[in-house]
Student: 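Mind looking over this structure? Questions follow.
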Amino acid sequence: MLTRRSLPLIGGALALPGLARAQGAVEITVHYAQPVIFKESYDALAAAFARREPNIRINWITTPNYEEGMQLILRQAATNLTVDLSYQGFNRLRLFAERGIAQDVMPLLRAEGDPAAMGYSPNILALAHFGGFQSGLAYAASNPIMYYNADLVRRAGGNPDAMPTSWDGVFELSRRIKALGGGTEGFWYAWPGDDWMFSALLFGHGGRMLTEDERDVAFAGPEGLGALRLLDRMVKEGGMPNLARDAAQQAFAAGRLGMFFWTTAALRGTMQQVGRNFELRTTVMPVIDPVRGRLPTGGAAGMLIARDPAKREAAWKFLRFSTSAEGTTLMVQNTGYVPTNQLAIDDPRWLGEFYRQNPLFQAATRQANIMIPWYAFPGANSVRVTQTMVDQQARIVEQRATPEQVLADMAAEVRRLLPRPRG
């Protein structure tokens, strides 16, 4: 499902270094996914950008999720591309780079000066570096956190100021919250949708998706089994209900779910849904392996598509602004994502005071040191690979198969979908 809207940008001159001013009015089409999370941030960006560039008009196209956004651009690439700039999930950029749809933006960035001096650190750039080139600029980054209902935690005898730091502790508290009765559930882990939250369990054990040469799965070992066994324990020991994500979010906002493990990206929307229903708090994910454990970096990067010179320049201007220190600040303030411009992190005039005044946003930044890229599967079957992983996990949540059975089946199916080596 697509949503289209047009927004004229009206205002003063664009204050970005090294960008020549476009001659006359230019109209570009910009796509982004998940408006339920991102709309307020893009609206804020458009308003700020409007004060700098009077000659660009933006036509917006939105899709409910990254997968539909990916299919939109792939369909257009097969016919006639009308989107000039698309914000895609990190794990899908590789496909666009391999198919020649994404353009290398590093020459444009370097033409303005030192990328690091503009806030584009090597780690941030790596989030959108695929196909051997810079296939985009990171707009928003996220990691999974724990949302919790402090009122329910207190009623269950827990301490909201000292939440469990291990999964054993989470399961124990979950059982106590569920025992309160009245239809209350202890916790829910956002496993459906894609492979991101499975990555959190796998990476948390120190594992990886594929071997270094990407010819075989690497998750079929002890780390992958540990991840699936933990998912099994969530059901058996933690009492996790089998809910769709929307249902779990609604239950949490209504005060019927004690702990909710999901992306920090949903923070602003969760705050609005919860309102004054209860005291909402956030904290970090429980530690699995304190030495090797890592967390996947979710989020989106802006991918430059336009070929027409005038549209390409206009789209680049908006991409640069959206990922600048000012743009990143507006994104963080209107979502819950982790900032992707180092200047916004280091310079106190941007986000320092915001984080001091908004403690709910701090959980994700406390985990920034263990964030690694969300793995992007190679080949044309990347979407089928991630759906296979979700379908296999469902067998555990529904208690239809053991972790050992699921791991073997998941590995076999993913192997079948991987590109076959040449030669």
Side-chain angles (χ1 to χ4, degrees), residues 31 33 63 65-79 81 83 86-106 125-138 191-203 207-221 223-224 227-228 294 296-305 372-395 406-423:
H31 159 263
T63 53
N65 51 56
Y66 291 132
E67 282 65 37
E68 292 188 39
M70 180 193 67
Q71 295 297 338
L72 165 69
I73 302 302
L74 290 177
R75 286 196 304 270
Q76 288 200 358
T79 54
L81 279 167
V83 173
S86 177
Y87 290 81
Q88 292 283 340
F90 290 136
N91 69 327
R92 300 306 180 204
L93 287 175
R94 179 174 183 167
L95 179 63
F96 293 112
E98 291 174 345
R99 294 197 178 190
I101 297 172
Q103 298 180 30
D104 186 359
V105 298
M106 185 54 73
L125 289 173
L127 294 173
H129 192 276
F130 295 104
F133 61 88
Q134 197 62 41
S135 56
L137 294 179
W191 62 271
D194 52 41
D195 64 318
W196 192 61
M197 292 298 278
F198 173 73
S199 296
L201 302 182
L202 177 66
F203 297 169
R208 54 184 298 155
M209 285 293 189
L210 297 188
T211 56
E212 289 191 18
D213 63 8
E214 297 190 318
R215 294 191 173 192
D216 196 11
V217 299
F219 61 77
E223 296 88 359
L228 293 177
R294 298 292 184 268
T297 305
M303 180 178 72
L304 189 60
I305 303 175
I372 61 174
W374 185 2
Y375 186 72
F377 285 93
N381 292 324
S382 59
V383 176
R384 293 179 63 189
V385 167
T386 55
Q387 187 58 51
T388 291
M389 302 181 88
V390 172
D391 292 343
Q392 290 293 338
Q393 290 176 81
R395 297 170 65 201
V406 166
L407 184 64
D409 293 344
M410 183 188 293
E413 185 65 14
V414 172
R415 284 190 179 107
R416 187 181 68 81
L417 294 170
L418 290 176
R420 295 184 179 180
R422 298 177 180 176

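Because the structure is predicted, anything quoted here is derived from the model rather than measured. Worth knowing before you read on, the calculation uses all heavy atoms, side chains too, and leaves out hydrogens, waters and symmetry mates.
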Student: Whether the side chain of Q88 engages the backbone of A300 through a donor-acceptor N/O pair (distance < 3.5 Å, no angle test) should be reported.
Tutor: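 Between the backbone of A300 and the side chain of Q88 there is no qualifying donor-acceptor contact (under 3.5 Å).
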Student: Is it the case that the side chain of Q387 and the backbone of V383 share a donor-acceptor pair, with hydrogens and angles ignored and the cut-off at 3.5 Å?
Tutor: no
Student: Can you tell me how far OG of S199 sits from OH of Y375, rounded to the nearest 0.5 angstrom?
Tutor: 10.5 Å
Student: Should Q392 and R395 be marked as a side-chain hydrogen bond (donor to acceptor under 3.5 Å, both in side chains) after you check the CA-CA gap, both sets of side-chain angles, and the distance that decides it?
Tutor: CA-CA 5 Å; Q392 290 293 338; R395 297 170 65 201; 2.7 Å; yes
Student: Apply the test side-chain hydrogen bond (donor to acceptor under 3.5 Å, both in side chains) to residues S135 and H129: give CA-CA distance (whole Å), side-chain angles for both, the deciding distance (0.1 Å), then the verdict.
Tutor: CA-CA 6 Å; S135 56; H129 192 276; over 6 Å; no
Student: Can you name the closest pair of heavy atoms from A220 and A411 and give their distance?
Tutor: CB-CB, 3.9 Å
Student: Are M70 and F96 side-chain neighbours, meaning at least one heavy-atom pair lies under 4.5 Å?
Tutor: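 SC-SC contact between M70 and F96 confirmed.
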Student: Roughly how far apart are E413 CD and L418 CG, rounded to 0.5 Å?
Tutor: 10.5 Å
Student: From Q76 CD over to H31 NE2, what is the distance, rounded to the nearest 0.5 angstrom?
Tutor: 9.5 Å
Student: Between atom CG of L137 and atom CG of L125, what is the distance when rounded to the nearest 0.5 Å?
Tutor: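 L137 atom CG to L125 atom CG measures 7.0 Å (nearest 0.5 Å).
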Student: Which atom pair, heavy atoms only, marks the closest approach of A227 to F198?
Tutor: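 Scanning both residues, the minimum pair turns out to be CB-CE1, 3.9 Å.
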Student: Of the non-hydrogen atoms in A128 and A301, which two are nearest, and what is the gap between them?
Tutor: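 Distance-wise, the nearest heavy atoms are CB-CB, 3.9 Å.
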Student: With rounding to the nearest 0.5 angstrom, report the CD to CG distance, E98 to L93.
Tutor: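 Rounded to the nearest 0.5 Å, the CD-CG separation comes out at 11.0 Å.
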Student: Using a 4.5 Å cut-off on heavy atoms from C-beta on, say whether the side chain of T211 contacts that of V217.
Tutor: no
Student: Is a salt bridge present between E67 and R92, judged by a nitrogen-to-oxygen distance below 4.0 Å?
Tutor: yes
Student: Please name the pair of heavy atoms, one in A200 and one in P296, separated by the smallest distance, quoted to 0.1 Å.
Tutor: CA-CD, 3.5 Å
Student: When you compare the side chain of E223 with that of F203, does any pair of heavy atoms fall below 4.5 Å?
Tutor: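 They are not in side-chain contact.
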Student: Check this for me, if you would: do R94 and E214 make a salt bridge, where the nitrogen-to-carboxylate-oxygen distance has to be below 4.0 angstrom?
Tutor: yes
Student: Just by distance, do the side chain of Q134 and the backbone of G136 share a donor-acceptor pair under 3.5 Å?
Tutor: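 Side chain of Q134 to backbone of G136, a donor-acceptor pair under 3.5 Å: yes, one is there.
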Student: Grab the two heavy atoms, one from W196 and one from G298, that are nearest each other, plus how far apart they are.
Tutor: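 Scanning both residues completely, I find the closest heavy atoms to be NE1-N, 3.2 Å.
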Student: Measuring from atom CZ of R208 to atom CG of L202, what distance do you get when rounded to the nearest 0.5 angstrom?
Tutor: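 It is 10.0 Å, given to the nearest 0.5 Å.
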Student: Might you point out which heavy atoms bring V390 and D195 nearest each other, and give the distance in Å?
Tutor: CG2-N, 4.4 Å
Student: Pick out which of L210, N91, L95, L417 makes a side chain to side chain contact (heavy atoms under 4.5 Å, CB included) with F377.
Tutor: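 Considering L210, N91, L95, L417, a side chain to side chain contact (heavy atoms under 4.5 Å, CB included) with F377 is found only for L210.
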